[in-house]
Amino acid sequence: MSGQTGQAAPLRVAVIIASTRSGRFGPTVAGWFAGRAARRSDLEIEVVDLAETGLPERLVDEGEPRPPQVVALSGRLAAADAFAVITPEYNRSFPAALKTAIDWYYEEWQAKPVTFVAYGRDSGGLYAIDQLRQIFTELHAAVLSDAITLPRYWELFAADGGWPKASADCNTALPAVLDRLAWWARALRDARAAHPYTRRQA
């Protein structure tokens, strides 16, 4: 709680750009999502671009020191109260860079909500989202059923070149997704503060 206002501190949302491909569309989608989310006084947004993190593709064994790039991103993820993953769909799946980023970490994801904004062809990224839900559930994250899909996203450009056009369905869907993300982020932040989350070993 803030000592001056008595109001809860803003919820920290990490917006993760999953694609590292040349000519990628991810930053455009992330800019739209982050820009809309930043209008809310209860959210504090940080964009994490995997193309800029320099995470090694080769993971170290348990007990070995982690590379400095991994340690640096760990702090940013650990500080987040929630995650929004912006991902394309490649061959009915998601980018390898995202899987690498997920696998480098464990506790950073635990007991925090995750939502997805996926883009692709006719499926709009649904196949990528389905796989990511399974992975994040295994990591003890709280995966929201609410997500945004963007089928044929290239058709959503406005006449002036802006994206997305004002009539796009994603503009209508986003407020509800942010509401759910904020609700779970607040509830789980309070729960972690009262009872630190631990995973029982089998």
Side-chain angles (χ1 to χ4, degrees), residues 1-19 25-53 72-88 94 98 101-102 105 107-119 124-125 128-129 132-133 136-137 139-150 153 156 162-166 168-197:
M1 302 293 288
S2 170
Q4 294 181 343
T5 66
Q7 296 179 347
L11 299 159
R12 291 167 292 191
V13 179
V15 179
I16 299 173
I17 303 176
S19 176
F25 193 67
T28 298
V29 182
W32 163 75
F33 183 96
R36 290 285 298 270
R39 297 177 188 175
R40 296 177 54 129
S41 61
D42 60 339
L43 301 180
E44 182 178 289
I45 309 301
E46 180 181 12
V47 175
V48 176
D49 189 345
L50 295 185
E52 298 176 354
T53 58
L73 182 55
S74 173
R76 297 170 69 187
L77 299 179
D81 297 304
F83 303 101
V85 178
I86 313 297
T87 184
F94 55 90
L98 177 57
I102 293 171
Y105 305 101
E107 293 180 356
E108 290 84 350
W109 310 117
Q110 287 184 348
K112 297 177 183 179
V114 183
T115 191
F116 307 100
V117 182
Y119 55 98
I129 290 175
L132 287 166
R133 282 177 171 150
F136 276 104
T137 297
L139 293 169
H140 291 229
V143 182
L144 272 61
S145 61
D146 303 86
I148 295 175
T149 59
L150 299 167
Y153 59 90
L156 299 182
W163 190 97
K165 61 178 66 173
D169 291 343
C170 57
N171 291 313
T172 304
L174 182 56
V177 170
L178 292 175
D179 284 345
R180 297 285 197 282
L181 189 67
W183 191 96
W184 280 103
R186 185 174 296 105
L188 290 172
R189 182 175 68 179
D190 292 346
R192 292 194 308 274
H195 304 285
Y197 186 85

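Computed over heavy atoms, backbone and side chain alike; hydrogens, waters and symmetry mates excluded. We count residues from 1, following the sequence as given.
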Hey, does the side chain of [X] reach the backbone of [Y] with a donor-acceptor pair shorter than 3.5 angstrom?
X: W163; Y: Y153; value: yes
X: R133; Y: S145; value: yes
X: D81; Y: L188; value: no
X: R192; Y: A111; value: yes

I need the minimum non-hydrogen distance between [X] and [Y], along with the two atoms involved.
X: A18; Y: P88; answer: CB-CD, 4.5 Å
X: A168; Y: L156; answer: CB-CD2, 4.1 Å
X: V114; Y: A141; answer: CG2-CB, 3.8 Å
X: A8; Y: R189; answer: CB-NH2, 3.7 Å
X: I129; Y: A147; answer: CD1-CB, 4.0 Å

Roughly how far, to the nearest 0.5 Å, is [atom2] of [Y] from [atom1] of [X]?
X: R180; Y: L144; atom1: CZ; atom2: CG; result: 8.5 Å
X: I45; Y: L11; atom1: CD1; atom2: CG; result: 9.0 Å
X: F116; Y: F136; atom1: CZ; atom2: CZ; result: 5.5 Å
X: E108; Y: L73; atom1: CD; atom2: CG; result: 8.0 Å
X: W32; Y: L150; atom1: CH2; atom2: CG; result: 6.5 Å
X: L77; Y: E46; atom1: CG; atom2: CD; result: 8.5 Å

**Request:** For the residue pair W109 and I102, establish whether any side-chain heavy-atom pair is separated by less than 4.5 Å.
**Result:** yes
**Asked** Is there side-chain contact between S19 and Y119, with heavy atoms separated by less than 4.5 Å?
**Response** yes
**Request:** Please test Y105 against L139 for side chain to side chain contact (heavy atoms under 4.5 Å, CB included), starting from the C-alpha separation and ending with a verdict.
**Result:** CA-CA 9 Å; Y105 305 101; L139 293 169; over 6 Å; no
**Message:** Can you tell me if D179 has over 12 outside heavy atoms packed within less than 6.0 Å of its CG?
**Reply:** yes
**Request:** Would you sort out whether L132 and V143 count as a side chain to side chain contact (heavy atoms under 4.5 Å, CB included), showing the intermediate values?
**Result:** CA-CA 9 Å; L132 287 166; V143 182; over 6 Å; no
**Message:** Given I17, which partner from the list L50, T87, V47 fulfils the side-chain contact (heavy atoms from CB on, under 4.5 Å) test?
**Reply:** V47
**Item:** L43, L174, V177 screened by side-chain contact (heavy atoms from CB on, under 4.5 Å) with R36, the one that passes
**Value:** L174
